[in-house]
A.B. asks: 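Here's a structure for you.
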Amino acid sequence: HLEQASTEYPEFATTQLHLIAVHTKLGNTQTALRHAEWLRNKVPDFTVSKQRQISPQFDNIWHSLLVEGLQATGFPE
């Protein structure tokens, strides 16, 4: 589903993922959850493990923020 969402909504799938991370870090839980809901609707099989596989490892801080955001908004491992 991630590939399909990225193809159909290329500017949104990645953007939503990043907004989840940023809003989680800022403590804006409700906003992070809203973005997580969008991502779940478009990519229902998305998991924290999948993010770990596709996230660029050259930026460990950003990778950690993405994982923390996904975990905080209830994405499965």
Side-chain angles (χ1 to χ4, degrees):
H1 286 102
L2 180 62
E3 293 80 15
Q4 180 183 359
S6 295
T7 300
E8 292 178 13
Y9 312 96
E11 68 281 9
F12 294 121
T14 303
T15 300
Q16 297 301 318
L17 181 58
H18 292 180
L19 287 169
I20 292 167
V22 169
H23 284 290
T24 298
K25 185 66 174 174
L26 293 173
N28 299 331
T29 305
Q30 292 305 313
T31 304
L33 288 168
R34 190 177 72 236
H35 292 292
E37 179 181 359
W38 185 96
L39 187 59
R40 274 190 200 90
N41 287 333
K42 298 297 180 192
V43 191
D45 62 343
F46 196 73
T47 64
V48 175
S49 297
K50 183 168 277 199
Q51 177 56 40
R52 284 190 178 104
Q53 292 172 355
I54 64 172
S55 184
Q57 298 300 312
F58 62 85
D59 188 345
N60 289 334
I61 294 171
W62 185 242
H63 175 74
S64 294
L65 287 174
L66 292 171
V67 169
E68 288 172 22
L70 291 171
Q71 291 170 331
T73 55
F75 280 86
E77 194 60 40

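As a basis for the values below, the full set of heavy atoms in this structure was taken, side chains included, without hydrogen atoms, waters or symmetry mates. Here the structure is a predicted model, which means the values were calculated and not measured.
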A.B. asks: Looking at every non-hydrogen atom in both residues, tell me the closest pair between Thr47 and Glu77 and how far apart they are.
C.D. replies: CB-O, 3.7 Å

A.B. asks: Leu70 versus Leu17: any side-chain heavy-atom pair under 4.5 Å?
C.D. replies: yes

A.B. asks: Under 4.5 Å between side-chain heavy atoms, counting indirect links through other Ile/Leu/Val/Met/Phe/Trp/Tyr residues: same cluster for Val67 and Phe75 or not?
C.D. replies: yes

A.B. asks: For a 4.5 angstrom cut-off between non-hydrogen side-chain atoms, does Lys50 reach Val43?
C.D. replies: no

A.B. asks: Could you check whether the rings of His35 and His23 sit parallel, tilted or perpendicular, using 30° and 60° as the cut-offs?
C.D. replies: parallel

A.B. asks: What heavy-atom pair brings Ala21 and Trp62 nearest, and what distance separates the two atoms?
C.D. replies: CB-CH2, 4.2 Å

A.B. asks: For Gln30, what residues pass the side chain to side chain donor-acceptor pair (under 3.5 Å) criterion, not counting sequence neighbours?
C.D. replies: none

A.B. asks: Using the rule that Ile, Leu, Val, Met, Phe, Trp and Tyr join whenever any side-chain heavy atoms are under 4.5 Å apart, tell me whether Leu39 and Leu33 fall into a single cluster.
C.D. replies: no

A.B. asks: Same cluster or not: Leu66 versus Leu19, using hydrophobic residues (I, L, V, M, F, W, Y) connected whenever any side-chain heavy atoms lie under 4.5 Å apart?
C.D. replies: no

A.B. asks: Is the number of heavy atoms from other residues, nucleotides or ligands under 6.0 Å of Ile61 CD1 greater than 12?
C.D. replies: no

A.B. asks: Can you list every pair that meets side-chain hydrogen bond (donor to acceptor under 3.5 Å, both in side chains) and has a residue in residues 64-73, with sequence neighbours left out?
C.D. replies: none

A.B. asks: Mind listing the closest non-hydrogen atom pair of Ala72 and Thr24 along with its distance?
C.D. replies: CB-CG2, 3.6 Å

